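Data first, discussion second: the structure below is written as structure tokens.
Here the structure is a predicted model, which is why all the values come from computation and not from measurement. Just so you know, residue 1 is the first one in the sequence shown, and it goes up from there.
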Amino acid sequence: MKKHRNLAALLMAALLFLVPLLPMQTLAAANDGLSLTVTHNSKCGEASTFTIQADGGSGNYQYYFGNITREGEDGRYYVMDPSRLPGFKDENTFDFTFYASGVYYLEFHVMDKGVTPIITKREIVKVVLNDPQYPTIEAIADNVAAQCMASCSTDFDRALWLHDWLLDNCEYDYSYLYCNAEGALARGTGTCEAYHRAYTMLLNRVGIANGRAEGNGHVWTVAKLDGNWYQIDVTWDDNGYSNHTYENYLYFGLDDRIMTLVHSDHVSDNNYLSNSLEQ
């Protein structure tokens, strides 16, 4: 027993000797009480400012706006492409302008660079907006679809009418930020993903079956018009011409064969097989 007590005493002494040798920053990280709160003045139509207040830790902070998602008909989706957002910065304020009512979730981070290992904390802010001057994108889509139905009688005419509405009301987003229907319908700008998702929302509302097609890093829409599936690329048809000349319809109503000539890695989807050019 005495031998075991001596061994335990030696181990304890060794631990007590090693503790002062541990870096103080490592100890601080273990006991760090880092936290953050976010205040904001959210509204539609003008910049809403989000301010991050960090507490605890070393005080050597940096801040990051991680992403923003919105509740939609098929669950949450990104409003902006997170990979395009800037990284951590020293300033603790971030501005974002809402152009549609709805339920949004914004993700904010604080990083404590004064400890080892570096610590980050995250806060997700829920924003609920209901501004009659800035309707939801679902309400916008409902309104556009109603106009379409009042003007058109066939699937082909409806798909073309909605195609033209997007040409007239959206421009391509060369910042590559706005990647969903919210951009195309409420902001009037978006990437090919935004055009496609907005178009599918509109097609769904007028009873036209549709799907997704891809190729060479690009996305467009397939739609079933009067019994046949066709490829429709609203993004590439929105080429800067404003008077609806033939250049605005180069990618409306194509088949898989032609789309493969344009996008070499496009593969026909058996669910949306496009093998007709009859219109």
Inset, instruction - Using atom types as modelled and distance alone, determine if a side-chain donor or acceptor of Asp157 lies under 3.5 Å from a backbone N or O of Ser153. - result: no

Legend entry - Check against side chain to side chain contact (heavy atoms under 4.5 Å, CB included), Thr191 and Asp81: CA-CA 10 Å; Thr191 62; Asp81 183 345; over 6 Å; no

Legend entry - Cationic tip of Arg197 above Tyr77 ring, under 6.0 Å, 45° of axis: no

Inset, instruction - Check the angle between the aromatic planes of Phe108 and Phe94 and answer parallel, tilted or perpendicular using the 30° and 60° thresholds. - result: tilted

Inset, instruction - For the residue pair His266 and Trp220, categorise the inter-ring angle as parallel (less than 30°), tilted (30 to 60°) or perpendicular (more than 60°). - result: tilted

Legend entry - Spatial distance of atom OG1 (Thr136) from atom CD (Glu73) [nearest 0.5 Å]: 9.0 Å

Inset, instruction - Could you tell me whether the side chain of Val103 reaches within less than 4.5 Å of the side chain of Val128, counting heavy atoms only? - result: yes

Legend entry - Check: Asp112 side chain, Ser58 main-chain N or O, donor-acceptor pair, under 3.5 Å: yes

Legend entry - Between CG on residue Leu185 and OH on residue Tyr178, distance to nearest 0.5 Å: 14.5 Å

Inset, instruction - Tell me yes or no: between the side chains of Gln62 and Asp90, is some donor less than 3.5 Å from an acceptor? - result: yes

Legend entry - Expected output: side-chain Asn143 to main-chain Ala139 donor-acceptor under 3.5 Å: no

Legend entry - Within 6.0 angstrom of Tyr249 OH, more than 12 heavy atoms from elsewhere: yes

Legend entry - Within-4.5 Å side-chain heavy-atom neighbours: Asp173 and Arg187: no

Legend entry - Pair Asn92-Gln53, side chain to side chain contact (heavy atoms under 4.5 Å, CB included): steps then yes or no: CA-CA 7 Å; Asn92 68 331; Gln53 296 293 340; 4.0 Å; yes

Legend entry - Sidechain N-carboxylate O distance under 4.0 Å for Glu138, Arg205: no

Legend entry - Donor-acceptor contact below 3.5 Å, side chain Asn239 vs main chain Glu247: yes

Legend entry - Distance-only donor-acceptor check, side chains Asp238 and Tyr195, under 3.5 Å: yes

Legend entry - Joint hydrophobic cluster, Val127 plus Leu85, side-chain heavy atoms closer than 4.5 Å: yes

Inset, instruction - Kindly check if the number of other-residue, nucleotide or ligand heavy atoms within 6.0 Å of CD (Glu171) is above 12? - result: no

Legend entry - Tyr61 side chain near Leu34 side chain, heavy-atom distance below 4.5 Å: yes

Inset, instruction - Answer whether the closest heavy-atom distance between the side chains of Trp229 and Ser274 falls below 4.5 Å. - result: yes

Legend entry - Approximate separation, where rounding is to 0.5 Å, of Leu177 CG and Arg84 CZ: 8.0 Å

Inset, instruction - Check whether any side-chain heavy atom of Asn275 lies under 4.5 Å from a side-chain heavy atom of Asp256, and answer yes or no. - result: no

Inset, instruction - Check whether the side chains of Asn41 and Thr49 place a donor and an acceptor atom closer than 3.5 Å, and report yes or no. - result: no

Legend entry - Atom pair NE2/CE of His218 and Met259 - distance to nearest 0.5 Å: 6.5 Å

Inset, instruction - Identify the two heavy atoms, one from His263 and one from Gly215, that lie closest to each other, and give their separation to 0.1 Å. - result: ND1-O, 3.6 Å

Legend entry - Heavy-atom side-chain contact between Arg212 and Val219 under 4.5 Å: yes

Inset, instruction - Grab the two heavy atoms, one from Ile208 and one from Arg158, that are nearest each other, plus how far apart they are. - result: CD1-CB, 4.0 Å

Legend entry - For Asp237 against Leu250, the heavy-atom pair lying closest together: OD1-N, 3.2 Å

Legend entry - Stepwise side chain to side chain contact (heavy atoms under 4.5 Å, CB included) test for Tyr199 and Ile232: CA-CA 10 Å; Tyr199 196 39; Ile232 302 174; 3.7 Å; yes

Inset, instruction - Could you tell me the separation between the OG atom of Ser48 and the CG atom of Leu106, rounded to the nearest 0.5 Å? - result: 9.0 Å

Legend entry - Chi angles and distances behind the side chain to side chain contact (heavy atoms under 4.5 Å, CB included) call for Trp236, Val262: CA-CA 11 Å; Trp236 277 26; Val262 180; 3.2 Å; yes

Legend entry - Side-chain H-bond candidate by donor/acceptor type, Tyr105 with Glu71, under 3.5 Å: yes

Inset, instruction - Check the angle between the aromatic planes of Tyr64 and Phe88 and answer parallel, tilted or perpendicular using the 30° and 60° thresholds. - result: tilted

Legend entry - Close side-chain approach of Met111 to His109, heavy-atom, < 4.5 Å: no

Legend entry - Residues Asp155 and Lys224 bridged, charged N to O under 4.0 Å: no

Inset, instruction - State, to 0.1 Å, how close Cys192 and Tyr172 come at their nearest heavy-atom pair, and which atoms those are. - result: N-CE1, 3.6 Å

Legend entry - Ser101 side chain to Asp131 backbone, donor-acceptor under 3.5 Å: yes

Legend entry - From His163 atom NE2 to Leu202 atom CG, the distance as rounded to the nearest 0.5 Å: 12.5 Å

Legend entry - Residue among Tyr104, Phe96, Phe50 satisfying ring pair (Phe, Tyr, Trp, His ring centres under 6.0 Å) with His40: Phe50

Inset, instruction - Check whether any side-chain heavy atom of Phe98 sits under 4.5 Å from a side-chain heavy atom of Ile68, and report yes or no. - result: yes

Legend entry - Heavy-atom closest contact (Leu166 atom, Ala198 atom, distance): CD2-CB, 4.2 Å

